[in-house]
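Letters A, B, ... are given to chains in the order of the sequence lines, protein chains preceding strands, and every chain is numbered from 1. Note that this is a predicted model, so its numbers are computed, not measured.
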Amino acid sequence: MAAERYDLNKQLAQMLKGGVIMDVTTPEQAKIAEGAGACAVMALERIPADIRAAGGVSRMSDPKMIKGIQEAVSIPVMAKCRIGHFVEAQILEAIEIDYIDESEVLSPADDVYHIDKRRFKVPFVCGAKDLGEALRRISEGASMIRTKGEPGTGDVVQAVRHMRRMNSEIGKVVSMRSDELFEEAKDMRVPYDLIEYVHVNGRLPVVNFAAGGVATPADAAMMMQLGAEGVFVGSGIFRSGDPEKRAAAIVKAVTNYQDSKVLAEISEDLGEAMVGINEQEIELLMAERGK
Amino acid sequence: MKIGILAVQGAFIEHQKKLESLGAQCVEIRQKSDLERVSDGLVLPGGESTVQGKLLRELDMLGDLRSRIEGGLPVLATCAGLILLAKEISNDDHVYLGTLPVTVERNAYGRQLGSFRTVREMEYVGQVPMVFIRAPYIKTVGKDVEVLAEVDGRIVAVRYGKQYAMSFHPELNEDSKIHEMFLKECRREQQIF
């Protein structure tokens, strides 16, 4: 991928900042999400909670279903492919998707290699649990990062853990002497120039969103206060009592994440949140897929 | 000099950094009460216009913003900001601020694969780099609207009084000419009062 295309792809992620990206499975849901203020939608056949419940192999969605969603809304449309499945990615590029999520939510197609994302013109977002994972994905060509969290659980604990870990590792790299960076790059198994970027700038070279387990406006605001630049919400919306209202409230929470009065107001009367599963009750840890 | 930057969603920090490096003070506008602290100019940044427009409506900020702009507050609007200002959107029923008599087309260059950058001439500033991300362009302009730049026969930057609006992103590169021009406009305003 040409450097110019990569810049444009990172810049699209910059435009999404301060926004909420919502999982949708039908054009109707996509319209509800857009109407509620989503800055992009993620088109997928089943939301993570249902993938978790159904078990079995989970794959890229039917292109026809994705096209239906592209036609229904004017905001960017993203879609997921399996980790390492470069042909699914080629198919998504052929239908001009705005962003591909090489996602641990689907069953991995390759247990060693991720997709060489630099060979594509369309941008990629990838999940990460720590700084090393994030920088490895970026060196493969990802132009946006999100925490992995634990999708489909409605439990924010792991997204919090991943965001805190990433921040503390960034802090450590910033505080290092410059002659220590070479060893750090080797330990993290990442290119030196990316470690140097983090050392100088104190942040990832791409936009970083929170994802995995966000279910309430308070969850979203907490992730923003922890340093996320925006939020993905998956099962949390369309698995709740009043999706439209909850979606709109989460959008407002991300904008006014530091104003507790606003947060109190929009947290009222949202109906039932998704039931969720606690970390200890999960059999399948999706965050352990693809490192 | 105090410039307000609409900060409900999108790439507002990029504008802030650029204006601060040129010596301006910036105020993030996230709710209605923040507007009182804005005295010299307003930036409407890029992002998703549907999100920004909806938040402006729900946070009850449209009316106040509109009257400040109509009262002569200088505005720099980029991409989504241009859509918020436009009096008409050809492929969308919404009108948000409607203070700029132009018709814009949203996502006029298609999806992300249609995003591009180029360097072109712009009135008052000369050659500038232009980054277009899922960008709109301006289809028609009303009376007294000055066209500042075109790319391949399509209008991409205009001026109407103290409203400067463009479909590309001057905040996404190292060139500061457009922000300098805008601050000059804001300063001119200061001297009058």
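Surrounding OH of Y137(B) are more than 12 heavy atoms belonging to other residues, nucleotides or ligands, all under 6.0 Å away. Residue-environment remark: NZ (K31(A)) stays at or below the threshold of 12 foreign heavy atoms within 6.0 Å. The environment of K177(B) atom NZ is dense: over 12 non-hydrogen atoms of other residues, nucleotides or ligands sit within 6.0 angstrom. Counted within 6.0 Å of OH on Y160(B), heavy atoms from surrounding residues, nucleotides or ligands total 12 or fewer; the atom is thus considered open.
Without hydrogens or angle criteria, Q9(B) side chain to M15(A) main chain gives a donor-acceptor distance under 3.5 Å.
The CZ atom of R5(A) sits 10.5 Å away from atom CZ of F116(B), with the distance rounded to the nearest 0.5 Å. T118(B) OG1 to E4(A) CD: the interatomic distance, rounded to the nearest 0.5 Å, is 8.5 Å. With values rounded to the nearest 0.5 angstrom, K17(A) atom NZ is found 4.5 Å from I13(B) atom CD1.
L12(A) places none of its side-chain heavy atoms less than 4.5 Å from the side chain of S115(B). A 4.5 Å side-chain heavy-atom check between Q31(B) and T255(A) finds every atom pair outside the cut-off.
Residues of residues 165-176 of chain B having a heavy atom under 4.5 Å from any heavy atom of chain A, listed by number: H169(B), E171(B), L172(B). Of residues 87-97 of chain B, no residue lies under 4.5 Å from chain A by any heavy-atom pair.
The heavy-atom pair separating L8(A) from I133(B) by the smallest distance is O-CD1, 3.6 Å. Taking each heavy atom of S74(A) and R106(B) in turn, the nearest pair found is OG-NH1, 2.8 Å.
Of the atoms belonging to L113(B), heavy atoms from both backbone and side chain fall under 4.5 Å from chain A. Using a 4.5 Å cut-off between heavy atoms, R134(B) contacts chain A through its side chain alone, with no backbone atom that close. For E14(B), the part sitting under 4.5 Å from any heavy atom of chain A is the side chain, from C-beta outward, and nothing else. Using a 4.5 Å cut-off between heavy atoms, F132(B) touches chain A through its backbone atoms (N, CA, C, O) alone. Both the backbone and the side chain of Q70(A) come within contact range of chain B, judged by heavy atoms closer than 4.5 Å. Contacts of V262(A) with chain B are made by side-chain atoms alone, with heavy-atom separations under 4.5 Å and no backbone atom involved.
Remark: of the listed residues V77(A), V122(A), N9(A), N9(A) is the sole one forming a side-chain contact (heavy atoms from CB on, under 4.5 Å) with Q112(B).
A salt bridge does not link R30(B) to D259(A): none of the charged side-chain nitrogens sits closer than 4.0 Å to a carboxylate oxygen.
Between chain B and the options P123(A), A40(A), G37(A), heavy-atom pairs under 4.5 Å are most frequent for G37(A).
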Decide yes or no on side chain to side chain contact (heavy atoms under 4.5 Å, CB included) for D7(A) and V131(B), but give the supporting numbers first.
CA-CA 10 Å; D7(A) 281 343; V131(B) 179; over 6 Å; no

